[in-house]
Novice: 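Once you've had a glance at the structure underneath, I'll fire off some questions.
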Amino acid sequence: MAYVVKPIRTFDKGIIDVVGDEKIPQSATSASRNFLDLGDKIELVRGQLLLGDRGGVGLVSGLGTVRDTQETEYLYRKVGTNLQYYDESSETWTTVKSDLTEDEDLSFAPYRTPAGSFLWMNGQSDGPLRVNAANPASVSDFYDAAKNYKGFIAIQDGRMFLWNNEGNETVLYLSYIDDDYPYTAITGESFGTGTGSQTAFSGTVANPLVTGRSLQVVCSSPSVTLTDDGNGALTGTGGEGTINYTTGAWTIDYDVAPVLSATLVAAYDYEKPKTHGLADFTYSATRIAGEGDFFFQADGSDPIHLVLPYDGKFYAFHENSIWILDLTDDDTNATNKVYRERTGIPNWRAAISTGEGIYYVDEGDDNKKVVRLLSYDQLSTKVIPTDKSGALDLSSYDFSDAACVEYGDYLIWACKEGDASNNNLLLLYNRKWDLWNKMDGLYRCFSVYGGALYGGSSVDENVYRIFSGFDDDDAVIAGTWESRDWDLDVEELKKSKKLVVEGEMAESQELIVETSFDEQDWVEQGTITGTGEYIQEGSGTTYGGSLYGDDTYGADDTVTAFRYMREFKLGSVKFLRAKVRFRTESIGYLSVKQFIYKDVRSKGFKLPSMFR
């Protein structure tokens with residue numbers, strides 16, 4: 001047999017572990033952790049970075065974001081009994097409510113109206129709560145047993161959907177289609193009178209929940225008119241002030257003191273969410289379109305975990321079934337029926353609605369765990385579930401506290417591996433390449449904030465930025481990647497004299513290269529270091545600021561990586577099949593772009609020595 005070279009230059013199949021290592025394609029990996037298969041290379045994942053001050057042992061019970069009317073974004077979390085938001089100026093978490101039910105999950109739903117930009121929150125014991133993003137430290141509690149319910153929520157088509165109400169876990173509730181607009185107008189409300197020397201005034205409006213851009217305060221002498229900007233500031237020629245839309249508290253500072261007995265008169269609008277708004281779930285004896293409603297989904301008695309929209313309909317995911325709710329356009333009728341049985345999700349964060357359909361972890365069939373996509377069949381007009389995780393063996397994973405998020409090209413699920421009591425693994429589905437990867441991650445909820453992905457911890461009261469930098473909160477990212485058990489397309493006993501590995505790495509990084517022949521123990525062939533003589537001199541490539549999916553990937557932490565190509569001598573071993581494993585134990589950027597078996601020579605149709 002002539003001199004033969006056998007390269008692996010493509011990495012577009014990801015992890016395939018449902019068949020033997022020798023059966024998978026060359027461009028797949030039989031086992032991988034903390035590496036991403038990106039088509040033309042494998043790359044060590046970015047790390048995680050603590051956001052804000054460090055919390056203690058516990059967990060994060062919820063994450064949510066909202067943008068104010070000027071597009072400033074706020075990130076909220078629930079830890080212990082506290083609702084907090086992240087203050088970017090101080091880089092700390094500010095507690096805005098401290099009497100919530102300890103460690104109980106809280107759902108978040110942003111909503112914007114002419115009145116302002118809001119974040120609604122609700123849980124089985126707490127809520128409904130709301131924050132106006134213009135006043136991020138103020139919380140409204142709208143609970144009224146005669147008007148609304150506690151439970152998990154989603155807001156769609158101008159109304160709130162609610163489920164998981166304690167004692168009524170198989171009932172789906174709908175609020176009014178928001179009919180609070182036009183808002184209630186107030187005119188002629190006194191904000192005080194001038195003393196001739198006083199320039200600073202403060203007070204509280206008679207009717208809180210002031211709508212944005214509606215407050216106008218007129219001083220009679222000197223003539224000054226202040227109006228609010230929709231984001232909590234009162235502006236005008238001759239003075240300035242503030243308005244807390246939630247509490248109604250206001251302040252005004254005039255440049256010139258109003259004269260003695262001058263009047264300060266206000267006009268504004270205010271909301272009434274519990275009257276034909278999102279916090280109103282009531283309905284008439286003969287229901288009228290747009291009012292609240294409820295739907296029993298009791299067949300099988302398994303609870304509703306999550307409600308998601310797809311193509312104008314609403315899919316209610318139970319533990320062992322999926323229901324479909326189809327509301328007529330005029331809201332006078334609805335179809336509420338079982339869509340699928342023996343399929344469902346294990347908890348309320350295990351599914352997500354995307355542009356191509358609804359992805360969900362299906363544990364409805366006791367014999368199999370699988371990730372499915374609920375979407376239109378390409379050959380018909382039917383919505384059907386299709387298997388998206390056929391290459392991955394999910395049987396050893398626990399999804400009882402799973403969470404899912406969409407981020408760029410990826411859908412990411414947090415779950416438990418083995419006997420872990422808390423989520424400790426992330427499963428990443430790359431929709432571009434239709435492949436799966438795994439990475440370490442102690443998360444149970446997610447949110448995208450400022451274009452970056454953040455995760456709420458499953459083991460402590462902390463939030464971390466994921467895919468950030470080149471270390472895991474100052475610890476090494478331990479990556480492993482194993483190739484196919486490959487016969488090098490030569491169905492004979494053979495030798496390969498050399499193995500060449502090529503890629504890019506930072507100076508601080510090291511790559512351990514190992515081989516295994518015919519399923520024998522791994523043998524370390526050597527280490528590639530970022531300062532070795534096989535590193536190409538030059539300017540290198542800057543990583544960290546490039547686009548990753550739809551968002552920046554490690555944009556605030558860049559590093560220069562240099563090309564390497566190292567050759568290892570494999571000795572005189574004869575083999576039928578060979579595997580390569582890469583391991584990392586240092587900090588820094590790393591990729592592998594190809595590895596090549598060189599000087600492959602046939603040694604005839606013989607069995608390996610361990611079988612003779």
Novice: I'd like to know whether Y429 forms a side-chain hydrogen bond (donor to acceptor under 3.5 Å, both in side chains) with N437, so could you lay out the CA-CA distance, the side-chain angles of the two residues, the decisive distance to 0.1 Å, and finally the verdict.
Specialist: CA-CA 7 Å; Y429 175 59; N437 288 123; over 6 Å; no

Novice: Is there a donor-acceptor pair closer than 3.5 Å between any side-chain N or O of S389 and the backbone N or O of L392?
Specialist: no

Novice: Partners of E524 by salt bridge (Lys or Arg N to Asp or Glu O under 4.0 Å), sequence neighbours excluded?
Specialist: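 Applying salt bridge (Lys or Arg N to Asp or Glu O under 4.0 Å) to E524 gives none.
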
Novice: So E102 and T81, side-chain hydrogen bond (donor to acceptor under 3.5 Å, both in side chains) or not? Walk me through it.
Specialist: CA-CA 4 Å; E102 186 168 9; T81 63; over 6 Å; no

Novice: Can you run down the side-chain hydrogen bond (donor to acceptor under 3.5 Å, both in side chains) pairs that involve residues 47-64, sequence neighbours left out, and say none if there aren't any?
Specialist: Q48-Y443, R54-D473

Novice: So do the side chains of E514 and V580 get within less than 4.5 Å of each other, counting heavy atoms only?
Specialist: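 The answer is no, as the side chains (C-beta and beyond) never meet within the 4.5 Å cut-off.
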
Novice: Set out, in order, the CA-CA distance, both residues' side-chain angles and the distance that settles side-chain hydrogen bond (donor to acceptor under 3.5 Å, both in side chains) for D126 and T101, then state yes or no.
Specialist: CA-CA 7 Å; D126 301 303; T101 305; 3.2 Å; yes

Novice: Please report whether the ring centroid of F108 lies less than 6.0 Å from that of Y76.
Specialist: no

Novice: Between atom NZ of K369 and atom SG of C415, what is the distance when rounded to the nearest 0.5 Å?
Specialist: 9.0 Å

Novice: Whether the K579 and S30 side chains hold a donor-acceptor pair (N or O, under 3.5 Å, no angle test) is what I'd like checked.
Specialist: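 S30 and K579 do have a side-chain donor-acceptor pair below 3.5 Å.
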
Novice: Output, in order, the C-alpha distance, side-chain angles, deciding distance and verdict of side-chain hydrogen bond (donor to acceptor under 3.5 Å, both in side chains) for Y397 and K438.
Specialist: CA-CA 12 Å; Y397 302 129; K438 302 176 187 178; 2.4 Å; yes

Novice: With a 4.5 Å cut-off on side-chain heavy atoms, are V131 and V66 touching?
Specialist: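 No; the side chains remain at least 4.5 Å from each other.
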
Novice: So, E406 side chain and L411 main chain: donor-acceptor pair closer than 3.5 Å or not?
Specialist: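 No: the side chain of E406 does not pair with the backbone of L411.
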
Novice: Can you find a pair of side-chain heavy atoms, one from S27 and one from I8, that are under 4.5 Å apart?
Specialist: no

Novice: Under 3.5 Å, is there a donor-acceptor pair between the side chain of E502 and the main chain of K593?
Specialist: no

Novice: Taking atom types as modelled, is there a side-chain donor on Q525 or T515 under 3.5 Å from an acceptor on the other?
Specialist: yes

Novice: Whether the side chain of S516 engages the backbone of Q520 through a donor-acceptor N/O pair (distance < 3.5 Å, no angle test) should be reported.
Specialist: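 Checked: pair present.
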
Novice: Answer yes if the side chains of S396 and E417 hold a donor-acceptor pair under 3.5 Å, and no otherwise.
Specialist: no

Novice: Please find the pair of heavy atoms, one from V592 and one from F11, that lie closest to each other, and give the distance.
Specialist: O-CE1, 3.8 Å

Novice: Please find the pair of heavy atoms, one from K598 and one from V500, that lie closest to each other, and give the distance.
Specialist: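 Taking K598 first and V500 second, the nearest heavy atoms are CD-CG2, 3.2 Å.
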
Novice: Quick one: pull up CH2 in W436 and CG in N430 and give me the separation to the nearest 0.5 Å.
Specialist: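 Atom-to-atom, W436:CH2 and N430:CG are 10.5 Å apart.
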
Novice: Take atom CD in E22; do more than 12 heavy atoms of anything else shown fall under 6.0 Å from it?
Specialist: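 Atom CD in E22 is crowded, with more than 12 foreign heavy atoms closer than 6.0 Å.
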
Novice: Once you round to the nearest 0.5 Å, how far does OG1 of T541 lie from CD of E504?
Specialist: 4.0 Å

Novice: If the condition is salt bridge (Lys or Arg N to Asp or Glu O under 4.0 Å), which residues does R444 pass it with, not counting sequence neighbours?
Specialist: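 Expected list: D105, D401.
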
Novice: With rounding to the nearest 0.5 angstrom, report the CG to OG distance, L453 to S447.
Specialist: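 So the gap between those two atoms works out to 8.5 Å.
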
Novice: Quick check on the 6.0 Å ring-centre criterion: do Y543 and Y589 meet it?
Specialist: yes

Novice: Considering residues, nucleotides and ligands other than D521, do more than 12 of their heavy atoms fall under 6.0 Å from its CG?
Specialist: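 Open.
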
Novice: Any chance the side chains of D87 and S89 put a donor and an acceptor closer than 3.5 Å?
Specialist: yes

Novice: Side chains of N34 and D440: donor-acceptor distance under 3.5 Å anywhere?
Specialist: yes

Novice: Output yes when a side-chain donor or acceptor of T343 lies under 3.5 Å from a complementary backbone atom of I322, and no otherwise.
Specialist: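 Judged by distance alone, no pair lies under 3.5 Å.
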
Novice: Can you name the closest pair of heavy atoms from F399 and E363 and give their distance?
Specialist: CD1-OE2, 3.5 Å

Novice: Fit a plane to each ring of W481 and F595, take the angle between them on a 0 to 90° scale, and name the class: parallel (under 30°), tilted (30 to 60°) or perpendicular (over 60°).
Specialist: perpendicular

Novice: Give a yes-or-no answer on whether the side chains of T95 and N82 include a donor-acceptor pair shorter than 3.5 Å.
Specialist: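 Judged by distance alone, the side chains do not pair up.
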
Novice: Check this for me: does any side-chain nitrogen of one of R577 and D485 sit under 4.0 Å from a carboxylate oxygen of the other?
Specialist: yes

Novice: Looking at K603 and E492, is any side-chain nitrogen of the basic one under 4.0 Å from a carboxylate oxygen of the acidic one?
Specialist: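 K603 and E492: not salt-bridged.
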
Novice: Could you point out which residue of D362, D393, D387 forms a salt bridge (Lys or Arg N to Asp or Glu O under 4.0 Å) with K368?
Specialist: D387

Novice: Using atom types as modelled and distance alone, determine if a side-chain donor or acceptor of T584 lies under 3.5 Å from a backbone N or O of S586.
Specialist: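 Judged by distance alone, no pair lies under 3.5 Å.
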
Novice: Side chain of S496, backbone of K498: donor and acceptor closer than 3.5 Å?
Specialist: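 Looks like yes, one N/O pair under 3.5 Å.
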
Novice: Y597 vs F575 aromatic rings, parallel, tilted or perpendicular, using cut-offs 30° and 60°?
Specialist: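 The rings of Y597 and F575 sit tilted, inter-plane angle from 30° to 60°.
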
Novice: Hey, what do you get for CG (L576) to CG (L488), rounding to the nearest 0.5 Å?
Specialist: 10.0 Å

Novice: Does the side chain of Y359 come within less than 4.5 Å of T354's, by heavy atoms?
Specialist: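 The answer is yes; the side chains approach within 4.5 Å.
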
Novice: How long is the straight-line distance from OG1 of T94 back to CG of L83, given to the nearest 0.5 Å?
Specialist: 11.0 Å

Novice: According to the interplanar angle, ranging from 0 to 90°, do the rings of Y449 and Y86 count as parallel (below 30°), tilted (30 to 60°) or perpendicular (above 60°)?
Specialist: perpendicular

Novice: Output yes when D489 and K6 qualify as a salt bridge under the 4.0 Å nitrogen-oxygen rule, no when they do not.
Specialist: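 Counted as a salt bridge, because a side-chain N and a carboxylate O are separated by less than 4.0 Å.
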
